[in-house]
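Beneath this line is the structure, given in structure tokens, with notes to follow.
Note on naming: letters A, B, ... go to the chains in the order of the sequence lines (proteins, then strands), and numbering restarts at 1 for each one.
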Protein chains: 2
Amino acid sequence: MERLIERLNEKHIQPSHQRIKILEILENNCDHPNVNTIYELLCKEMPTISRTTVYNTLNTFVEKGLVSALTITPEELRYDYVTIPHHHLLCRMCGRIINVEVQCSFAVKKEIEGHKIEDVQGYFKGICKECLIKGNTEK
Amino acid sequence: MERLIERLNEKHIQPSHQRIKILEILENNCDHPNVNTIYELLCKEMPTISRTTVYNTLNTFVEKGLVSALTITPEELRYDYVTIPHHHLLCRMCGRIINVEVQCSFAVKKEIEGHKIEDVQGYFKGICKECLIKGNTEK
DNA sequence: TTCCATAATTGTAATGAATACAGAATTAAT
DNA sequence: ATTAATTCTGTATTCATTACAATTATGGAA
Ligand SMILES: [Mn+2]
Ligand SMILES: [Mn+2]
Ligand SMILES: [Zn+2]
Ligand SMILES: [Zn+2]
């Protein structure tokens, strides 16, 4: 709680109740939730929250570099509490996005073929370990 | 033209006029156009084409593995005539998506940390070479 | 504490990509 | 030519996201 307020202050974001709660949800949900998932979790504790507030807050967080947005699924943005670059796996069975440790030599380059690089995203699509174990392999 | 029909036949897609034209546009536009760009180019030669046909056709192409769809921009899908895996650069100034040669050792793996890998996408965000030369570096 | 300016939140309307669907047109088979 | 299947078209719908204006909360000055 104090730690969350601290993180908000570091990025010069006013720590309102809504913002603290949204950041807390991001911290506790490592499978990169979308706006709707965040909104529904939020409703349990803040029944008056507005969907617009969730959108506004997440946009602010991304602009200030507090969290990152992933464009992996075509339908919607997914949000990531972690901003240091890392790769992801999108499971086509359960829909979760899972962090993957990959040390890619190109992830640190600032220039490739004359183009200026500011951000790197790497992702895999497939079936996650848990779904494989459950035999959850065809829909 | 014959080559395009050949490619459609290989994938068991009936080579209708619309499909041939759409495939031709994809072949001639290497910056990974979206549906609207394809539609507007198409209108010049086929004024009666329907936007729905563009969507249907591209969905068919992707399902049959003739072209690939890129989820790099959050707004829309971008389409790629090339299906063999390669990396991309999204230019935040001109919006083009440019192919980048990167030999990533992870792009060929079939399994990572217990997860089954079926597809790999890697992309960079930044400013393309042409925009840098033009000094087109701040919007 | 009270007042005021600013920022944050909310609800509704609007936008825009993508899909659903049903009828029209085209093509292929008989 | 007739029929059946496929493709194409236009419209309506869905859904994520943004625009906007009104309301509420916040923080500082008096
Ligand atoms: Mn992550
Ligand atoms: Mn490409
Ligand atoms: Zn899974
Ligand atoms: Zn550019």
Side-chain angles (χ1 to χ4, degrees), chain A residues 4-5 7-9 11-25 32-43 45-64 66-80 90 95 97, chain B residues 4-5 8-9 11-25 32-64 66-80 90 95 97:
Chain A
L4 296 171
I5 293 173
R7 280 203 68 179
L8 289 166
N9 283 330
K11 300 289 183 177
H12 307 104
I13 302 167
Q14 302 260 12
S16 69
H17 297 147
Q18 289 88 340
R19 288 170 174 171
I20 294 170
K21 265 279 152 250
I22 290 174
L23 190 58
E24 189 183 33
I25 285 177
H32 311 81
N34 62 13
V35 165
N36 209 41
T37 303
I38 294 167
Y39 173 74
E40 280 171 6
L41 288 169
L42 216 44
C43 277
E45 304 184 58
M46 278 186 156
T48 65
I49 189 90
S50 165
R51 220 179 220 97
T52 301
T53 300
V54 182
Y55 279 104
N56 289 340
T57 301
L58 290 167
N59 283 340
T60 301
F61 286 1
V62 171
E63 282 163 22
K64 302 281 179 144
L66 182 60
V67 309
S68 54
L70 306 180
T71 55
I72 299 184
T73 51
E75 301 85 23
E76 81 248 306
L77 284 174
R78 305 278 291 252
Y79 291 89
D80 194 337
L90 170 63
I97 294 175
Chain B
L4 296 170
I5 293 174
L8 288 165
N9 282 330
K11 299 290 182 176
H12 308 102
I13 303 168
Q14 302 260 13
S16 68
H17 297 147
Q18 290 87 342
R19 287 170 175 171
I20 294 169
K21 266 279 153 252
I22 291 174
L23 190 58
E24 189 183 32
I25 286 177
H32 309 80
N34 61 15
V35 165
N36 209 43
T37 303
I38 294 167
Y39 174 73
E40 282 171 5
L41 289 170
L42 216 44
C43 278
K44 295 175 184 170
E45 306 184 56
M46 278 186 156
T48 64
I49 189 91
S50 165
R51 221 180 219 96
T52 302
T53 301
V54 182
Y55 278 104
N56 288 341
T57 301
L58 291 167
N59 283 342
T60 301
F61 287 1
V62 171
E63 281 163 22
K64 303 282 181 147
L66 181 59
V67 308
S68 54
L70 306 180
T71 54
I72 299 185
T73 51
E75 301 84 25
E76 81 249 306
L77 284 174
R78 306 278 290 251
Y79 290 89
D80 195 336
L90 170 63
I97 293 175

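Contacts between residues 13-20 of chain B and DNA chain D, counted as heavy-atom distances below 4.0 Å, involve B:Q14, B:S16, B:Q18, B:R19.
Taking atom CG of A:L8 as the reference point, atom C1' of D:dT26 lies 16 Å away to the nearest angstrom. Rounded to whole angstrom, the span from the CD1 atom of B:I49 across to the C1' atom of D:dT7 amounts to 11 Å. As rounded to whole Å, 15 Å separates atom P of C:dA18 from atom CD of B:E63. At whole-Å resolution of the value, CG in B:N9 and C1' in C:dT27 are 15 Å apart. Note: CG (A:N56) to P (D:dA21) measures 15 Å, nearest angstrom. Atom C1' of nucleotide C:dA18 and atom CD1 of B:I38 are separated by 14 Å, given to the nearest angstrom.
B:P15 pairs by the side-chain contact (heavy atoms from CB on, under 4.5 Å) definition with B:I5, B:L8, B:N9, B:I20, not counting sequence neighbours. With sequence neighbours left out, the side chain to side chain donor-acceptor pair (under 3.5 Å) criterion links A:Q14 to no other residue.
Proximity of A:T57 to A:L23: side-chain heavy atoms (C-beta onward) are nowhere separated by under 4.5 Å. Side-chain contact check for A:K11 versus A:F61: every heavy-atom pair is 4.5 Å or farther apart. Residues A:V35 and A:E76 fail the side-chain proximity criterion, which asks for heavy atoms closer than 4.5 Å. Using a 4.5 Å cut-off on side-chain heavy atoms (C-beta onward), B:L70 and B:L77 make no contact.
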Quick one: side chains of residues 46-54 of chain B, donor-acceptor pairs under 3.5 Å with protein atoms, not counting sequence neighbours, listed by atom name and distance.
unit_1 : atom_1 : unit_2 : atom_2 : d
B:S50  : OG     : B:T52  : N      : 3.1
B:R51  : NH2    : B:N36  : OD1    : 2.6

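Summarising the geometry of B:I97 relative to B:L90, their closest heavy-atom pair is CG1-CD1, 3.8 Å, with the distance given to 0.1 Å.
A donor-acceptor contact shorter than 3.5 Å is absent between the side chain of B:R78 and the backbone of B:I72.
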Listed pairs, N/O of protein and of nucleotides 14-16 of chain C, under 3.5 Å:
none

Dump every N/O contact between nucleotides 11-17 of chain D and the protein below 3.5 Å, one line per pair.
unit_1 : atom_1 : unit_2 : atom_2 : d
D:dT11 : O4     : B:T52  : OG1    : 3.1
D:dT17 : OP1    : A:L77  : N      : 2.8
D:dT17 : OP2    : A:Y55  : OH     : 3.1

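The CG atom of B:N59 sits 5.5 Å away from the OH atom of B:Y79 when rounded to the nearest 0.5 Å.
Shown are B:D80, B:T37, B:T73; of these, the side chain to side chain donor-acceptor pair (under 3.5 Å) with B:H32 is made only by B:D80.
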